[in-house]
Each structure stands twice: as C-alpha cells, then as structure tokens.
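We count ligands from 1, going down the list as the structure has it; atoms in each ligand are counted the same way.
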Amino acid sequence: MNNSYAKVHPFVNEKVLTYEENSLEYQELIREYDRMKSERISIPLVIGGREIHTEKKGVCVIPHDKNHVLAEFSMAGAKEAEEAIEAALEAKVKWDKIPWDERASIFMRAAALASGSYRSKLNAATMLGQSKTYRQTEIDAAAELCDFFRSNARLLHDIYANQPLSPDTHWNRVDYRPLEGFIFAVSPFNFTSIAANLAGAPAIAGNTVVWKPSSTAVYSNWIVYQLFNEAGLPDGVINFIPASSGDISDVIFQNKHLAGVHFTGSTATFNQMFRTVGENIDLYRTYPRLVGETGGKNFVVAHESANLKLLARGLRDGAFEFQGQKCSAASRAYIPVKVWPQLKEILIEDMKTVKMGDVRERDTFLGAVIDTASFNRIKGYIEAAKESDQAEIIYGGNCDDHVGYFVEPTIILTTDPHFLTMEEEIFGPVLTVYLYDQDYDELLELVDNTSQYGLTGSIFAEDRYAIVRAQEVLVNAAGNFYVNVRPTGAVVGQQPFGGARKSGTNDKAGALNNMLRWLSPRAIKEEYLK
Ligand code: NAD
C-alpha cells in the first residue's frame, strides 16, 4: 500500500568530472572508447520490450574516422511505427496508474546509473558517434543527462503538491493527468542528454512514448535506451524506433491518439511538423501539444568598454566548442571598429590553441562535423565567403573529408551586416564578424532585426548602462541572454534553456514550463453540507 507523500530532495547538479590524465575515470573512459571501437554491433528497434531487426538498415560511423563502422541499425517502416504506437497505448494502461513516486524512482535510478556504471559507456559512445571531446561529452552525456532526470523528478513533486484553495464548505483538488494518447519524441544528433530527455520527460509524467532518434546519433542513443531498461522502465513505456522520417511520418501524424510532439532539431523540420499537425487537426482526439526547441543564429555584441580578453575567450569557446554544432553556438559577432585591431590580435593568438583532430587525443579542442551533408553545407558557406567581395576569411577556411568530416575553425570578416553567414544558421565551426561604427542603439536594433531566431546572445561590456540597454533592446532576441560570457553552456536548474521566435516554443527543457506541457490538470470540487 502506498499512502505516503514521498519527498524528492531539492535538485543538485551532477558534478562534472575533470578527467585528469592519470585519473581512474580518464583511463576507464579511454578503455571503453577502445573497446567500443573494436566491436561492430547490431542495433534493433525495441517495441513493447521486443527487439526487432528489420530489412532496412542504417550504419553508425565515426565522424572523425568516417570509414569505420561502429554499428548497423534496423530502421522502422510504417508497420513498425504502427506497432510502436499500439505498444505505447497498451503500456499506458498500467503506467499512468502506478504511483508517481514509483515512476520518479526509475528515472532517479537511471541518473544514478548514468553517474556511475553507465558514465563511461554514455561518454565513450558520444565521443565515437558524435565526435565530442571528453570535456564536451562529460558535460552532455553524463552530467546533463543526470540533471534532466533528477530535476524532472523534483519538478513533478512540486507540481503535484500545488493544490487550489478550499473554503470550509467544499474541498478542491487538482489531478495532473498525463496526456490522453501517445507522445512522439524526435531527437537531434548533437546532444545525447537532450535525446534522453525528449523521451524521458513525458514518460516520468505518466505518458508513453514513441521515440525516433536521429540517424546520426543512434549509437549513443542506444546506450540511453539500455540505461532506461536497466533502470527498470517497463516494456512499451518508451519505444525505440530509428527510422527515415518519410517512412513513418504519415502513420504517426495521422493517428488520432497523437497527444504531443517533443522535438529538438532544425526550424525547417519543426515547421513541417507544425504544418502537418495543423492539416490533420480534425483527426485528433485532443489538441496535440507541440513542444519544439529549434535553431539559432546567436549573437555576441561587444561594447567599446568590453574586456577584450574575456571577449576573445567568449568568441573562441562560444563559436568553436563541439565544432559549433550547438544550437546556442556564437555565430555572428558585432565589434566596435576601434577595438578590433587589439581584439583581433588576442583572438588569433587564442585560436592557435584550438587543435582540430581525433577526439581520442587529449589535447583535441574540436573534432569532425557529423556527416557528409553537414560537411558539404558548411563548406558551401565558406566557399560563398571566399567568393564574395564583401567577406574575407581571416582564420581557417579549409575543409578536408579524406579521413573524417573536418572543417577548420573559420572566422569570416564581413562589411555587410546582412551577409548570408550573418543571417543563416550554419551549424558548424564558422564565426562571422561585423565591425561597427554606428551609434550603439542603432547597432542593437540591427542585431535584433537581422535573424529570424531568438535563442541565445551575449553582451560584453564593462559599462553598466551599455549592458542594461542591450538587455532592453534585445529583450526578444534571445531566450538565454549572457553578460560577459559566451552564449553557450546552459546548465539545468541554473539557466533554463530555450528561445522564442523561430528558435522554438521556449518551453525550457528540464524546467517547470516543459514538465507542465506533459500534464493535463483536472480540477475536482466536492461540496459538504453544513
Ligand atoms: P534535424 O531537424 O535535421 O533533425 C532532428 C530530428 O528530426 C532527427 O531525428 C531527424 O531525423 C528528424 N526529422 C527530420 N525531418 C523530419 C520530418 N520531416 N519529420 C519528422 N522528423 C524529421 O536537426 P539536427 O541536424 O539533428 O540537429 C540540428 C538542429 O537542431 C539545429 O538547427 C540546432 O539549432 C537544433 N537544436 C536546437 C536545440 C535547442 O534547444 N533549441 C538543441 C539542439 C539542437
């Protein structure tokens, strides 16, 4: 019998390990990396707890060693998508009835495993499959994943405790029901923890999920699936179906039980989903909740009072960590003409410390970009800059895909604040700099109106009036605004992450706003006769 009100302790961030060269954790990580690399595995779909191998296959390769195949994986078609929906609906019958603390317990156990015995597996798989350095992978695959699961448990605890007022003649209560139907979770390649949370957040709240991972992150996402399994998640609560979206989209989006979409990825993909849901709206039993965190074209604005050392460091780390493949990556910078000569010197000196290469090497700063399509797209932007008389490449600019998909960290200087690399999301290691001499307010208006996105941005200034003015004018230009620091690196519970405009629905992954989207409150009023 469960008749207590369980307490989830206030959430504390997972400690980010530093992996000193001779530390046990570093040795274990490298051992795991080498072990995984020496094997070739076969990854199934998992539907209702059943492992299924299909005819259609994809492969997981190492982006920095592109001919090395780590795994082949089965891909779902319409039939398997249908089965996954059925499995999710069947599992929901029991899952949304067990006490909430039992659900929370599974995810807290998953966090404990990710912090312990699964840590090196999650990290090594992310290094291999997504070409992250040990530093970047530890922040993502281990620490942030633990943070999401633990934070979600505490959020649920607080939500359920939130109850309405009751006068003495009646009692008012609110139930927080999971949504009626199934949730379609669609994850991007770039963060293992985001993928885990896209499937996990609706599930902890009592929903059941059909999870389609990105084809270029199946390798690490399969470890996440195994983690859910080992933590005791019942069959069918999360169904794992790698697929080409074209093969399954009709089945998913034309099912009347679609109750929500939990998406992170590009703006174009989310627009497509939004449109499809709109077109099919008469089919659904309930209005599907659409939660999408999408692209960015994140700015760094420097005021003439900026500390140039801090600014150079912010540009280097903000633009080039993980090859610029963070939605929050700095990709357009606005620098006062008069500080540029000095800043350029410091920045170029800082850039010399940025080593590109195999992420197994300890001193590598950035690895390869994710795949051929991405390599070609980024190369196209660099070529466009080379050919333009409004742009000049002042650092990097070379691309080489003989061994892996390597794009040098590249800095473009442009005279046109609307040059295409100032406006479009590139999602690679490319930073474009525009030098300004116009009035500061006018510049801030330009920053605000240059891109369709509103995800992140930084202001670097020592002058407090300049900081305040930037916060005012750029109020809708970023959902995560940074002062004197790079615009990346949001931490769960500290800087709730997400943006509006074409950067998404700004439901702040890992925060209260997001968890509320997976719940449908029911108010119950009971009256007493006096
Ligand atoms: P993507 O849009 O190409 O793919 C994301 C997912 O959607 C993948 O699983 C993909 O297979 C699937 N997909 C693609 N087309 C689809 C369709 N028509 N129907 C259904 N599913 C479809 O994005 P990506 O390359 O994996 O990730 C990079 C993008 O993600 C960038 O734009 C980046 O800014 C964004 N991102 C945003 C955040 C954020 O929090 N705002 C975080 C990470 C990444």
For [X], take its heavy atoms, then give the atoms of ligand 1 lying under 4.0 Å from any of them.
{"X": "I194", "result": "42 (C), 43 (C)"}
{"X": "M273", "result": "20 (C), 21 (N)"}
{"X": "S245", "result": "15 (N), 16 (C), 17 (C), 18 (N), 19 (N), 20 (C), 21 (N), 22 (C)"}
{"X": "S214", "result": "9 (O)"}
{"X": "T264", "result": "5 (C), 36 (N), 37 (C), 38 (C), 39 (C), 42 (C), 43 (C), 44 (C)"}
{"X": "P188", "result": "26 (O), 27 (O)"}

With heavy atoms under 4.0 Å as the rule, classify the contact between [X] and ligand 1 as side chain, backbone, both or neither.
{"X": "F497", "value": "side chain"}
{"X": "K326", "value": "neither"}
{"X": "I370", "value": "neither"}
{"X": "Q325", "value": "neither"}
{"X": "T216", "value": "neither"}

Checklist entry - Out of curiosity, is S249 lining ligand 1, as in a heavy atom under 4.0 Å away? => result yes
Item to check | ligand 1 contact by F270, heavy-atom criterion under 4.0 angstrom | outcome: no
Item to check | Verify atom 32 (O) of ligand 1: protein non-hydrogen atom under 4.0 angstrom away | outcome: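 So far as the 4.0 Å threshold goes, atom 32 (O) of ligand 1 is in reach of a protein heavy atom.
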Item to check | Shortest heavy-atom approach to atom 35 (C) of ligand 1 - which of A373, G295, G265 | outcome: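 Among A373, G295, G265, the closest heavy atom to atom 35 (C) of ligand 1 comes from G265.
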Next on the checklist: For atom 3 (O) of ligand 1, tell me which residue out of G292, A195, S266 has the closest non-hydrogen atom.
Outcome noted: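 Selected option, by shortest heavy-atom distance: S266.
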Checklist entry - If we only count N/O pairs under 3.5 Å, is N190 in contact with ligand 1? => result no
Checklist entry - What do you reckon, does E425 have a nitrogen or oxygen under 3.5 Å from a nitrogen or oxygen of ligand 1? => result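 Right, the criterion is met.
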Atom [atom1] of residue position [X] - does it have more than 12 heavy atoms of other residues, nucleotides or ligands inside 6.0 Å?
{"X": "F274", "atom1": "CZ", "value": "no"}
{"X": "E90", "atom1": "CD", "value": "no"}
{"X": "E472", "atom1": "CD", "value": "yes"}
{"X": "E180", "atom1": "CD", "value": "no"}
{"X": "R135", "atom1": "CZ", "value": "no"}

For [atom], what's the nearest protein heavy-atom neighbour? Residue, atom name and distance, please.
{"atom": "atom 28 (C) of ligand 1", "answer": "F427 CE2, 3.4 Å"}
{"atom": "atom 12 (C) of ligand 1", "answer": "V186 CG1, 3.6 Å"}
{"atom": "atom 9 (O) of ligand 1", "answer": "S187 O, 2.7 Å"}
{"atom": "atom 15 (N) of ligand 1", "answer": "T269 CG2, 3.3 Å"}
{"atom": "atom 10 (C) of ligand 1", "answer": "K212 NZ, 3.8 Å"}
{"atom": "atom 24 (P) of ligand 1", "answer": "F189 CD2, 3.8 Å"}
{"atom": "atom 37 (C) of ligand 1", "answer": "T294 O, 2.9 Å"}
{"atom": "atom 39 (C) of ligand 1", "answer": "C327 SG, 3.3 Å"}

Next on the checklist: Any side-chain to backbone donor/acceptor pair from K297 onto E423? Under 3.5 Å, distance only.
Outcome noted: no
Checklist entry - Do the side chain of S214 and the main chain of P188 share a donor and acceptor less than 3.5 angstrom apart? => result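 No, the answer is negative, given that no donor and acceptor are paired below the 3.5 Å cut-off.
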Checklist entry - Stepwise, does the ring-ring contact (aromatic ring centres under 6.0 Å, His included) test hold for F184 with W211? => result CA-CA 6 Å; F184 185 37; W211 172 24; over 10 Å; no
Next on the checklist: Can you confirm whether K212 sits close enough to P242 that some side-chain heavy atom of one is under 4.5 Å from a side-chain heavy atom of the other?
Outcome noted: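 No, their side chains stay 4.5 Å or more apart.
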Checklist entry - Do the ring planes of F263 and F270 sit parallel (below 30°), tilted (30 to 60°) or perpendicular (above 60°)? => result parallel
Checklist entry - In terms of the angle between their ring planes, are Y225 and W222 parallel, tilted or perpendicular, with boundaries placed at 30° and 60°? => result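 Ring orientation, 0 to 90° scale: parallel.
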Next on the checklist: Is the terminal nitrogen or CZ of K66 (NZ for Lys, CZ for Arg) located under 6.0 angstrom from the six-membered ring centre of F406 and within 45° of that ring's axis?
Outcome noted: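 K66 over F406 ring: no.
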Item to check | Cation-pi, Y118 ring and K121 (6.0 angstrom, 45 degrees) | outcome: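 Yes, a cation-pi geometry.
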Checklist entry - Is there a donor in the side chain of N152 and an acceptor in the side chain of N197, or the other way round, less than 3.5 Å apart? => result yes
Item to check | Residue from I52, L45, I43 passing side-chain contact (heavy atoms from CB on, under 4.5 Å) with F240 | outcome: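 Checked I52, L45, I43 against F240; only one passes side-chain contact (heavy atoms from CB on, under 4.5 Å): I43.
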